[in-house]
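I have placed the structure first, in the form of C-alpha coordinates, so that the comments after it can refer back to it.
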Amino acid sequence: MSRNHAASHEAVPTLAETIRGAAWARGLTPAQLARVESDVHERSIPAGDCVFRRGEPARHWLGVVSGLVKISSASPSGKAITFTGVAAGGWIGESALLRGGPRKADVVAVRASRVALMPRDTFDWLVDASIAFSRYLLLQLNERVGVYFDSIESNRLEDSDVRIAHCIASLFNPVLNPGMRKDVPLSQQEIGLLSGTSRQRTNQALHALARCGLVRVAYGGVTVSDPDALRRFDG
DNA sequence: ACATTAAATTCGA
DNA sequence: TCGAATTTAATGT
(Lines give C-alpha, C1' and ligand atoms only; values in the text may rest on other atoms or scores of the structure.)
Protein backbone atom coordinates (compact mmCIF):
# COMPACT_ATOMS: atom_id res chain seq x y z
CA MET A 1 0.00 0.00 0.00
CA SER A 2 2.71 2.47 0.91
CA ARG A 3 4.92 3.98 -1.70
CA ASN A 4 8.28 5.11 -0.41
CA HIS A 5 9.54 7.22 -3.22
CA ALA A 6 11.95 10.10 -3.11
CA ALA A 7 8.92 12.38 -3.25
CA SER A 8 10.57 14.52 -0.62
CA HIS A 9 9.91 17.83 -2.36
CA GLU A 10 6.16 17.13 -2.40
CA ALA A 11 4.84 19.12 0.56
CA VAL A 12 2.15 17.22 2.46
CA PRO A 13 0.30 19.76 4.56
CA THR A 14 -0.81 18.76 8.05
CA LEU A 15 -4.19 19.60 9.50
CA ALA A 16 -2.60 22.12 11.88
CA GLU A 17 -0.74 23.82 9.04
CA THR A 18 -3.94 24.06 7.04
CA ILE A 19 -5.77 25.69 9.93
CA ARG A 20 -2.98 28.09 10.86
CA GLY A 21 -2.45 28.98 7.20
CA ALA A 22 -6.12 29.77 6.55
CA ALA A 23 -6.97 33.43 5.98
CA TRP A 24 -9.83 33.22 8.51
CA ALA A 25 -7.44 32.06 11.25
CA ARG A 26 -5.27 35.20 11.07
CA GLY A 27 -7.52 37.34 13.22
CA LEU A 28 -8.09 34.79 15.98
CA THR A 29 -6.56 35.07 19.44
CA PRO A 30 -4.15 32.30 20.46
CA ALA A 31 -6.82 30.87 22.77
CA GLN A 32 -9.42 30.85 20.00
CA LEU A 33 -6.97 29.21 17.64
CA ALA A 34 -6.16 26.58 20.25
CA ARG A 35 -9.82 25.66 20.64
CA VAL A 36 -10.23 25.48 16.87
CA GLU A 37 -7.21 23.22 16.53
CA SER A 38 -8.56 20.85 19.15
CA ASP A 39 -12.12 20.78 17.76
CA VAL A 40 -11.37 20.33 14.06
CA HIS A 41 -10.77 16.77 12.93
CA GLU A 42 -9.57 15.29 9.70
CA ARG A 43 -10.94 12.65 7.32
CA SER A 44 -9.42 10.96 4.28
CA ILE A 45 -11.74 10.63 1.32
CA PRO A 46 -11.02 8.23 -1.55
CA ALA A 47 -11.51 9.59 -5.07
CA GLY A 48 -15.17 9.52 -6.01
CA ASP A 49 -16.50 9.33 -2.45
CA CYS A 50 -19.05 11.75 -1.08
CA VAL A 51 -18.18 13.98 1.90
CA PHE A 52 -21.57 15.65 2.30
CA ARG A 53 -24.83 14.72 0.62
CA ARG A 54 -27.54 17.01 -0.57
CA GLY A 55 -30.44 17.09 1.88
CA GLU A 56 -28.59 16.08 5.01
CA PRO A 57 -28.34 18.51 7.94
CA ALA A 58 -25.17 20.61 8.01
CA ARG A 59 -23.01 19.59 10.94
CA HIS A 60 -19.60 20.90 9.80
CA TRP A 61 -17.69 23.55 7.95
CA LEU A 62 -15.31 21.87 5.56
CA GLY A 63 -11.73 22.70 4.66
CA VAL A 64 -9.68 20.95 2.00
CA VAL A 65 -6.31 19.89 3.42
CA SER A 66 -5.13 18.15 0.26
CA GLY A 67 -6.65 16.93 -2.96
CA LEU A 68 -9.60 18.34 -4.85
CA VAL A 69 -13.29 18.34 -4.04
CA LYS A 70 -16.28 19.41 -6.12
CA ILE A 71 -19.69 20.79 -5.26
CA SER A 72 -22.18 18.99 -7.43
CA SER A 73 -25.74 17.96 -7.77
CA ALA A 74 -27.70 15.43 -9.77
CA SER A 75 -31.24 15.68 -11.08
CA PRO A 76 -33.62 12.78 -10.34
CA SER A 77 -33.14 11.67 -13.93
CA GLY A 78 -29.43 11.33 -13.27
CA LYS A 79 -28.09 14.37 -15.09
CA ALA A 80 -25.19 15.76 -13.10
CA ILE A 81 -23.81 19.27 -12.82
CA THR A 82 -20.83 20.69 -10.98
CA PHE A 83 -20.99 24.11 -9.35
CA THR A 84 -17.35 24.53 -8.47
CA GLY A 85 -14.16 22.82 -7.42
CA VAL A 86 -12.31 23.45 -4.17
CA ALA A 87 -8.60 22.78 -3.85
CA ALA A 88 -6.33 22.57 -0.80
CA GLY A 89 -6.71 25.64 1.38
CA GLY A 90 -10.32 26.30 0.41
CA TRP A 91 -13.23 26.21 2.88
CA ILE A 92 -16.78 25.40 1.87
CA GLY A 93 -20.22 24.78 3.32
CA GLU A 94 -20.79 27.93 5.41
CA SER A 95 -24.07 28.73 3.67
CA ALA A 96 -25.93 25.70 5.00
CA LEU A 97 -24.45 26.29 8.48
CA LEU A 98 -25.54 29.92 8.56
CA ARG A 99 -28.95 29.14 7.13
CA GLY A 100 -29.46 26.18 9.45
CA GLY A 101 -31.07 24.16 6.70
CA PRO A 102 -30.14 21.05 4.76
CA ARG A 103 -27.19 20.88 2.38
CA LYS A 104 -28.15 22.04 -1.06
CA ALA A 105 -25.56 20.02 -2.96
CA ASP A 106 -23.23 17.06 -2.69
CA VAL A 107 -19.54 17.48 -1.92
CA VAL A 108 -17.56 14.80 -3.73
CA ALA A 109 -13.83 14.08 -3.81
CA VAL A 110 -12.63 14.38 -7.41
CA ARG A 111 -9.22 13.10 -6.39
CA ALA A 112 -8.25 11.33 -3.18
CA SER A 113 -8.46 14.09 -0.60
CA ARG A 114 -8.04 14.91 3.06
CA VAL A 115 -10.61 17.25 4.53
CA ALA A 116 -10.86 19.21 7.78
CA LEU A 117 -14.22 19.19 9.54
CA MET A 118 -15.05 22.04 11.91
CA PRO A 119 -18.06 21.12 14.09
CA ARG A 120 -21.07 23.39 13.86
CA ASP A 121 -20.74 24.42 17.54
CA THR A 122 -17.20 25.65 16.98
CA PHE A 123 -18.24 27.53 13.86
CA ASP A 124 -21.17 29.23 15.61
CA TRP A 125 -18.95 30.11 18.56
CA LEU A 126 -16.37 31.73 16.24
CA VAL A 127 -19.06 33.77 14.50
CA ASP A 128 -20.14 35.13 17.89
CA ALA A 129 -16.70 35.45 19.46
CA SER A 130 -14.59 36.86 16.65
CA ILE A 131 -15.40 39.92 14.57
CA ALA A 132 -12.42 39.05 12.36
CA PHE A 133 -13.91 35.63 11.64
CA SER A 134 -17.32 37.08 10.84
CA ARG A 135 -15.71 39.66 8.61
CA TYR A 136 -13.85 36.90 6.80
CA LEU A 137 -17.14 35.05 6.23
CA LEU A 138 -18.67 38.21 4.74
CA LEU A 139 -15.69 38.53 2.43
CA GLN A 140 -15.94 34.89 1.33
CA LEU A 141 -19.71 35.01 0.80
CA ASN A 142 -19.36 38.26 -1.12
CA GLU A 143 -16.73 36.64 -3.28
CA ARG A 144 -19.14 33.80 -4.03
CA VAL A 145 -21.77 36.31 -5.11
CA GLY A 146 -19.26 37.87 -7.48
CA VAL A 147 -18.34 34.51 -8.95
CA TYR A 148 -21.99 33.65 -9.59
CA PHE A 149 -22.65 37.03 -11.22
CA ASP A 150 -19.71 36.47 -13.55
CA SER A 151 -20.82 32.92 -14.23
CA ILE A 152 -24.37 33.88 -15.14
CA GLU A 153 -23.17 36.74 -17.31
CA SER A 154 -20.75 34.48 -19.13
CA ASN A 155 -23.39 31.79 -19.57
CA ARG A 156 -25.95 34.21 -21.04
CA LEU A 157 -23.61 36.14 -23.30
CA GLU A 158 -20.73 33.99 -24.44
CA ASP A 159 -20.15 31.00 -26.69
CA SER A 160 -18.91 27.75 -25.23
CA ASP A 161 -15.20 28.35 -25.82
CA VAL A 162 -15.40 31.51 -23.74
CA ARG A 163 -17.67 29.96 -21.11
CA ILE A 164 -15.27 27.08 -20.62
CA ALA A 165 -12.34 29.50 -20.36
CA HIS A 166 -14.20 31.52 -17.73
CA CYS A 167 -15.25 28.43 -15.76
CA ILE A 168 -11.66 27.27 -15.52
CA ALA A 169 -10.46 30.77 -14.67
CA SER A 170 -13.03 31.07 -11.88
CA LEU A 171 -11.39 28.15 -10.10
CA PHE A 172 -8.44 30.46 -9.50
CA ASN A 173 -10.34 32.94 -7.33
CA PRO A 174 -7.70 33.75 -4.70
CA VAL A 175 -10.19 34.17 -1.83
CA LEU A 176 -12.23 31.03 -2.45
CA ASN A 177 -9.44 28.83 -3.74
CA PRO A 178 -6.10 30.11 -2.45
CA GLY A 179 -4.35 26.79 -3.09
CA MET A 180 -5.42 26.18 -6.68
CA ARG A 181 -2.42 24.91 -8.61
CA LYS A 182 -1.62 25.64 -12.22
CA ASP A 183 -2.16 21.97 -13.03
CA VAL A 184 -5.91 21.51 -12.72
CA PRO A 185 -6.56 17.79 -12.23
CA LEU A 186 -9.97 17.75 -13.89
CA SER A 187 -10.77 15.46 -16.81
CA GLN A 188 -12.53 16.89 -19.85
CA GLN A 189 -15.65 15.13 -18.61
CA GLU A 190 -15.38 17.01 -15.29
CA ILE A 191 -14.75 20.34 -17.04
CA GLY A 192 -17.85 19.63 -19.09
CA LEU A 193 -19.92 19.14 -15.93
CA LEU A 194 -18.50 22.37 -14.55
CA SER A 195 -19.24 24.45 -17.62
CA GLY A 196 -22.44 22.84 -18.79
CA THR A 197 -21.06 21.57 -22.09
CA SER A 198 -20.66 18.09 -23.48
CA ARG A 199 -17.36 16.33 -23.07
CA GLN A 200 -16.89 16.45 -26.84
CA ARG A 201 -17.45 20.19 -26.97
CA THR A 202 -15.14 20.63 -24.01
CA ASN A 203 -12.43 18.73 -25.87
CA GLN A 204 -12.75 21.12 -28.84
CA ALA A 205 -12.76 24.21 -26.64
CA LEU A 206 -9.66 23.11 -24.72
CA HIS A 207 -7.76 22.67 -27.95
CA ALA A 208 -8.89 26.08 -29.15
CA LEU A 209 -7.62 27.56 -25.88
CA ALA A 210 -4.40 25.60 -26.23
CA ARG A 211 -3.90 27.08 -29.72
CA CYS A 212 -4.16 30.51 -28.13
CA GLY A 213 -1.53 29.47 -25.59
CA LEU A 214 -3.93 29.80 -22.67
CA VAL A 215 -3.88 26.19 -21.47
CA ARG A 216 -1.90 23.03 -21.97
CA VAL A 217 -4.04 19.92 -22.26
CA ALA A 218 -2.81 16.66 -20.81
CA TYR A 219 -4.27 13.31 -19.86
CA GLY A 220 -6.53 13.82 -16.87
CA GLY A 221 -6.09 17.56 -16.57
CA VAL A 222 -5.16 20.94 -17.98
CA THR A 223 -2.40 23.34 -17.04
CA VAL A 224 -3.14 27.04 -16.75
CA SER A 225 -0.06 29.25 -16.83
CA ASP A 226 -1.91 32.57 -16.65
CA PRO A 227 -5.39 32.45 -15.06
CA ASP A 228 -5.92 36.20 -15.64
CA ALA A 229 -5.41 35.78 -19.36
CA LEU A 230 -8.01 32.98 -19.33
CA ARG A 231 -10.41 35.25 -17.48
CA ARG A 232 -9.94 37.98 -20.10
CA PHE A 233 -10.37 35.59 -23.04
CA ASP A 234 -13.34 36.74 -25.13
CA GLY A 235 -13.04 34.66 -28.24
C1' DA B 1 -20.95 6.70 -31.21
C1' DC B 2 -16.60 4.67 -32.00
C1' DA B 3 -11.54 3.97 -32.12
C1' DT B 4 -7.34 4.98 -29.78
C1' DT B 5 -4.35 5.77 -26.00
C1' DA B 6 -3.13 6.32 -21.00
C1' DA B 7 -3.43 4.76 -16.57
C1' DA B 8 -4.69 1.63 -12.83
C1' DT B 9 -5.18 -2.92 -11.24
C1' DT B 10 -4.48 -7.77 -11.08
C1' DC B 11 -1.75 -11.73 -11.03
C1' DG B 12 2.07 -14.98 -11.11
C1' DA B 13 6.36 -15.67 -9.99
C1' DT C 1 8.64 -6.54 -5.50
C1' DC C 2 8.66 -6.70 -10.56
C1' DG C 3 6.56 -6.67 -14.98
C1' DA C 4 3.33 -8.58 -18.20
C1' DA C 5 -1.60 -9.06 -18.92
C1' DT C 6 -6.03 -7.26 -18.33
C1' DT C 7 -9.46 -3.89 -17.21
C1' DT C 8 -10.99 0.73 -16.70
C1' DA C 9 -10.74 5.70 -17.64
C1' DA C 10 -9.94 9.47 -20.71
C1' DT C 11 -9.13 11.39 -25.06
C1' DG C 12 -9.83 12.60 -30.01
C1' DT C 13 -12.63 12.61 -34.07
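Protein chains get the first letters and strands the later ones, always in sequence-line order, with residue 1 at the start of each.
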Provide, to the nearest angstrom, the distance between the [atom1] atom belonging to [X] and the [atom2] atom belonging to [N].
X: A:Q189; N: B:dA1; atom1: CD; atom2: P; answer: 13 Å
X: A:L186; N: C:dA9; atom1: CG; atom2: C1'; answer: 15 Å
X: A:R201; N: C:dG12; atom1: CZ; atom2: P; answer: 14 Å
X: A:I191; N: C:dA10; atom1: CD1; atom2: P; answer: 12 Å

Side chain to side chain donor-acceptor pair (under 3.5 Å): pairs with one or both residues in residues 42-53 of chain A, sequence neighbours excluded: A:E42-A:R114

Among residues two or more places apart or on two chains, list those pairs meeting side chain to side chain donor-acceptor pair (under 3.5 Å) that have a residue in residues 170-180 of chain A. A:E143-A:N173

Residues A:D161 and A:R201 bridged, charged N to O under 4.0 Å: yes

What is the nucleic acid contact for A:A47, judged by heavy atoms within less than 4.0 Å: base, sugar-phosphate only, or nothing? nothing

For residues 213-226 of chain A, tabulate all N or O donor-acceptor pairs below 3.5 Å that involve a side-chain atom, not counting sequence neighbours.
unit_1	atom_1	unit_2	atom_2	d
A:R216	NH1	A:T223	OG1	3.3
A:T223	OG1	A:D183	OD1	3.2
A:D226	OD1	A:D228	N	3.2
A:D226	OD1	A:A229	N	3.3

Bend of the helix from B:dA1-C:dT13 to B:dA13-C:dT1 from end-axis comparison, five pairs per end, nearest 10°, comes to 10°

At their closest point, which heavy atom of [X] faces which heavy atom of [Y], and how far apart are they?
X: A:S73; Y: A:A105; value: CB-CB, 4.5 Å
X: A:T122; Y: A:R35; value: CA-NH2, 4.0 Å
X: A:V12; Y: A:E17; value: O-OE1, 4.1 Å

Show me the donor-acceptor pairs, under 3.5 Å and distance only, between side chains in residues 18-28 of chain A and residues at least two apart or in other chains.
unit_1	atom_1	unit_2	atom_2	d
A:T18	OG1	A:T14	O	3.0
A:R20	NE	A:E37	OE2	3.1

Take nucleotides 2-7 of chain B nucleotide by nucleotide from the 5' end and write B, S or -, depending on whether a protein heavy atom sits under 4.0 Å from the base, only from the sugar-phosphate, or from neither. ----BS

Between C:dT11 and A:N203, is there an OP1 or OP2 to side-chain N/O distance shorter than 4.0 Å? no

